[in-house]
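Step one of this worksheet: look at the structure below.
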Amino acid sequence: MGDPSKLRVIQWATGGVGKAAIACVRNHPQLELAGCWVHSADKDGRDVGEILGTDPLGVTATSSIEEVLATDADCVMYSPLIPADEEVIAILRSGKNLVTPVGWVYPDAANPRVRAIADAALEAGVTLHGSGIHPGGITERFPLMVSSLSSAVTHVRAEEFSDIRTYNAPDVVRHIMGFGGTPEEAMQGPMAGLLEAGFKMSVRMVADHMGFRIDPEIRTIQEIAVASADIDYGPFPIAPGAVAARRFRWEALVDGQPVITAAVNWLMGEDNLEPGWNFGGRGERFEVEITGDPTVSLTFKGLQPETIAAGLQKNPGVVATANHCVNAIPDVCAAGPGIKTYLDLPLLAGRPGPHLAQ
């Protein structure tokens, strides 16, 4: 039996975010790993430490939803590639709180699907909290915090600039993000739809909390750059004419003019692109900018790996996404039932290294 003073956490899925979440749980003085759900049959029945490539942890992974939901736990860190409402509802109905980086950052309470999930949480007396980094932090939480330094704000911008070659999921890069295919395939592919729900929630959270009088529709803009020559990308070829960079923007408008912008810039490096997009001499980063009196800007570095090789080993943006969820668990477990956003929770914080903790 584990430490009764600690909150027991189940990790749902062991992709990059899931593995990082387990590490954060193990480092957190208030948490312990209680269980783990895995998608693939070859991970079923294995010690979680073996899946992570560490010493045994004494927790066995299972691909049985029924088995993992029967586990005694306080919270589930839910990080599948694609979320499923029925899974979320089942987790909540089992009496477990839930944190996740795959949605519900600022859901529309009038949406029937959201109502069903909120009702499940309320009936079970548990809490769901959506987190992450972009969306899920840099797109709304940090702009709101920085905006308190300014007055008469006219524009809020949160923007990512990333080299997508460091993202160690080539199947996702090719078949979901659309890199390496034709522009037509990419524009018709699933990426914009997968991104838009989260980023539109972020934009609406900023607008609602700051009090902007925005137009009903959030504007979506997507652009593509193609390779002008062969681009060296190990997992698959990027031939001339194939998609080699993508830009997405979501804009909240007042009388047709953007007042809040969330944006993503994904490039296969800065060479051989048409149009010739680049990172503007400032490298990979996230930016938050508040235009007002005064105009304030904040640049986040360190959330992208220093090299492609380093990113394929460990992507700090993926780790930060997991950490932002896991560090919320004590406050989520202490919160009242229902869906809770950053606006409902206390100020979240990380914890010191175990050798420095009280």
Side-chain angles (χ1 to χ4, degrees), residues 16-17 20 101 105 131-150 153 155-169 172-173 177 179 191 195-196 198-199 202-203 205-206 221-225 231 233 243-252 258 260-273 275-292 294-325 327 342 348 350:
V17 171
V105 170
S131 184
I133 56 170
H134 190 63
I138 287 173
T139 335
E140 65 292 302
R141 178 183 177 191
F142 297 117
L144 288 172
M145 293 170 65
V146 175
S147 73
S148 67
L149 304 176
S150 190
V153 175
H155 191 240
V156 176
R157 177 178 62 88
E159 189 158 6
E160 173 188 358
F161 300 84
S162 291
D163 187 333
I164 210 64
R165 294 176 298 175
T166 65
Y167 185 53
N168 192 13
V172 175
V173 173
M177 295 182 175
F179 285 86
M191 199 68 240
L195 292 174
E196 113 174 332
F199 282 102
S202 296
V203 168
M205 177 187 273
V206 173
I221 301 169
Q222 59 169 318
E223 302 171 277
I224 283 173
I231 291 176
Y233 177 60
V243 173
R246 302 198 68 174
R247 283 177 172 169
F248 300 89
R249 300 183 82 78
W250 295 270
E251 296 177 337
I260 304 166
T261 299
V264 172
N265 303 268
W266 289 335
L267 281 61
M268 281 278 176
E270 297 182 280
D271 298 327
N272 301 323
L273 297 179
W277 298 348
N278 56 55
F279 296 132
R282 300 183 63 194
E284 296 178 82
R285 65 199 184 278
F286 289 83
E287 289 182 350
V288 169
E289 182 179 58
I290 311 298
T291 303
T295 292
V296 183
S297 62
L298 177 64
T299 300
F300 293 80
K301 301 287 279 187
L303 294 175
Q304 288 105 342
E306 293 186 3
T307 65
I308 294 172
L312 298 181
Q313 292 297 316
K314 185 177 183 180
N315 190 310
V318 171
V319 175
T321 298
N323 292 345
H324 207 197
C325 291
N327 284 323
Y342 298 121
L348 307 177

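Just so you know, these numbers come straight off a predicted model, no measurement behind them.
Rounding to the nearest 0.5 Å gives a distance of 9.0 Å between CD of Glu160 and CD of Glu284. Separation of atoms CE (Met191) and CZ (Arg246) is listed at 8.0 Å; rounding is to 0.5 Å. How far CE of Met268 is from CH2 of Trp277: 13.5 Å, rounded to the nearest 0.5 Å. Interatomic distance, Arg165 CZ to Ile231 CD1, rounded to the nearest 0.5 Å: 8.0 Å. Between atom CD1 of residue Ile290 and atom CD1 of residue Ile260 there is a gap of 9.5 Å, rounded to the nearest 0.5 Å. Annotation: the span from Leu298 atom CG to Glu289 atom CD amounts to 11.0 Å, rounded to 0.5 Å.
A pairwise comparison of heavy atoms in Asn278 and Gly280 identifies OD1-N, 2.7 Å as the closest pair. Taking all atoms of both residues into account, the shortest heavy-atom contact from Val146 to Val296 is CG1-CG1, 3.7 Å. Nearest heavy atoms, Asn323 versus Ala20: OD1-O, 4.4 Å. Contact between Ala158 and Thr139 at its shortest, heavy atoms only, is CB-CA, 3.7 Å. The two residues Ser131 and Val105 have their closest heavy-atom pair at O-CG2, 4.0 Å. Pairing each heavy atom of Leu144 with each of Val206, the nearest pair is CD2-CA, 4.0 Å.
Around the NZ atom of Lys314, the shell of radius 6.0 Å holds no more than 12 heavy atoms that belong to other residues, nucleotides or ligands.
For the residue pair Gln304/Asp163, the side-chain donor-acceptor check at 3.5 Å is not satisfied.
Ring geometry for Phe248 against Trp266 counts as perpendicular: the plane angle is over 60°, on a 0 to 90° scale with 30° as the lower cut.
Of the candidates Ile133, Leu348, Val288, Arg141 forms a side-chain contact (heavy atoms from CB on, under 4.5 Å) with just one, namely Leu348. Here the rule is ring-ring contact (aromatic ring centres under 6.0 Å, His included) with Phe142, and of Phe286, Phe300, Tyr342 only Phe300 fits it. Checking each of Ile164, Leu267, Ile224 against Phe179 for a side-chain contact (heavy atoms from CB on, under 4.5 Å) leaves exactly one that passes, namely Ile164.
Looking at Glu159 and Thr261, their side chains never come closer than 4.5 Å, going by heavy atoms from C-beta outward. Counting heavy atoms from C-beta on, the side chains of Glu140 and Pro135 come closer than 4.5 Å.
Ionic pairing of Glu223 and Arg249 is not present here: no N-O contact between side-chain nitrogen and carboxylate oxygen is shorter than 4.0 angstrom.
Here the side chain of His324 pairs a donor or acceptor atom with the backbone of Gly136 at under 3.5 angstrom. At distances below 3.5 Å, not a single donor-acceptor pair connects side-chain atoms of His134 with backbone N or O atoms of Thr321. Side-chain atoms of Ser150 never come within 3.5 Å of backbone atoms of Ser147 as a donor-acceptor pair (strictly under, hydrogens ignored).
The cationic atom of Arg285 (NZ for Lys, CZ for Arg) lies less than 6.0 Å from the six-membered ring centre of Phe161 and within 45° of the ring axis.
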